[in-house]
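Beneath this line is the structure, given in structure tokens, with notes to follow.
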Amino acid sequence: MSLALDSAAQDLLFREARTANTFTDEPVTDEQVQAIYDLVKYGPTAFNQTPLRITLVRSPEARERLVKHMAEGNQPKTATAPLVAILSADNEFHEELPALLPHFPQAKDVFFSERPVREQSAVLNAALQAAYFIVGVRAAGLAAGPMTGLDFAGLQKEFLDADHTPLMVVNIGKPGEDAWFPRSPRLAYDDVVTTV
Ligand SMILES: Cc1cc2nc3c(=O)[nH]c(=O)nc-3n(C[C@H](O)[C@H](O)[C@H](O)COP(=O)(O)O)c2cc1C
């Protein structure tokens, strides 16, 4: 009773949502991805910097180029998922800041004139957005399979540029046969939460 979200939505987003390892053939449309993005874009980031960038890997040729950078155990998942997205952090996000933070356009120069500061901020905030994205995929009734078992340098060279730091690859689709590993335990509230 402590949560405002109804129980079915809690199940969809968290309790029954699992990390899928196999997928059906049912396509994931651009309209679905657009709906997911238009929901999760409201998740908060520092200075509203929204540094997450999403590369949808749609063509068979691009899929082949991606699979070769995945760890061996991840390759079949990335080869067969209906849609695969590369999530990256834009280290030059400050260029958009005057538009994204109109009440404080000076933030671009005051806080983010130095590249190492931008990189740190971009990775933290894009990782937050990656989490929003995964929950958004679930909100669309789809399963996500995030993966970091991959050759990051190879992936960056193949699909991105020096201004974009790859974060993870996400397989997206309806779960297929034997899609789940057994659910692993989670830490209990008392193991995680302290009050001072
Ligand atoms: C950032 C991230 C990276 C992950 N990398 C891999 C991976 O490389 N290969 C893999 O099979 N699973 C990977 N996983 C899946 C996790 O093991 C899985 O989400 C976790 O065990 C929870 O599983 P559940 O959602 O079924 O409870 C990754 C998950 C996250 C969030």
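Both counts, for ligands and for their atoms, begin at 1 and track the order of listing.
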Quick one: look up the protein heavy atom nearest [atom] and list residue, atom name and how far away it is.
{"atom": "atom 27 (O) of ligand 1", "result": "R183 NH1, 2.5 Å"}
{"atom": "atom 15 (C) of ligand 1", "result": "T19 CG2, 3.7 Å"}
{"atom": "atom 12 (N) of ligand 1", "result": "P146 O, 4.0 Å"}

Find out whether S7 and R15 are in side-chain contact, i.e. whether some heavy atom of one side chain is under 4.5 Å from a heavy atom of the other.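 Result yes, sub-4.5 Å side-chain heavy-atom pair found.
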Answer with side chain, backbone, both or neither: which part of R186 has a heavy atom less than 4.0 angstrom from an atom of ligand 1? side chain
Might you check, step by step, whether the distance between atom 24 (P) of ligand 1 and some protein heavy atom is under 4.0 Å? yes
F93 vs F112 aromatic rings, parallel, tilted or perpendicular, using cut-offs 30° and 60°? perpendicular
Residue D178 excluded, over 12 heavy atoms near CG under 6.0 Å: no
Heavy atoms from other residues, nucleotides or ligands near CD of E95 exceed 12 (cutoff 6.0 Å):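 For E95, atom CD is crowded (more than 12 foreign heavy atoms under 6.0 Å).
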Flag the pair E119 and R115 as a salt bridge only when some basic side-chain nitrogen lies within less than 4.0 angstrom of an acidic carboxylate oxygen. yes
salt_bridge(E61, R65) N-O dist < 4.0 Å: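 Salt bridge present between E61 and R65.
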Could you check whether any heavy atom of K77 sits closer than 4.0 Å to an atom of ligand 1, since that is the contact criterion I want to use? yes
Would you say G149 has any N or O atom under 3.5 Å from an N or O of ligand 1, going by distance alone? yes
Look only at interatomic distance and state if T148 has a nitrogen or oxygen under 3.5 Å from any nitrogen or oxygen of ligand 1.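 N/O-N/O distance under 3.5 Å: yes.
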Less than 3.5 Å apart, any donor N or O on the side chain of T50 or Q129 sitting next to an acceptor on the other? no
Looking at N74, which atoms of ligand 1 are within less than 4.0 Å of one of its heavy atoms? 7 (C), 8 (O), 9 (N), 10 (C), 11 (O)
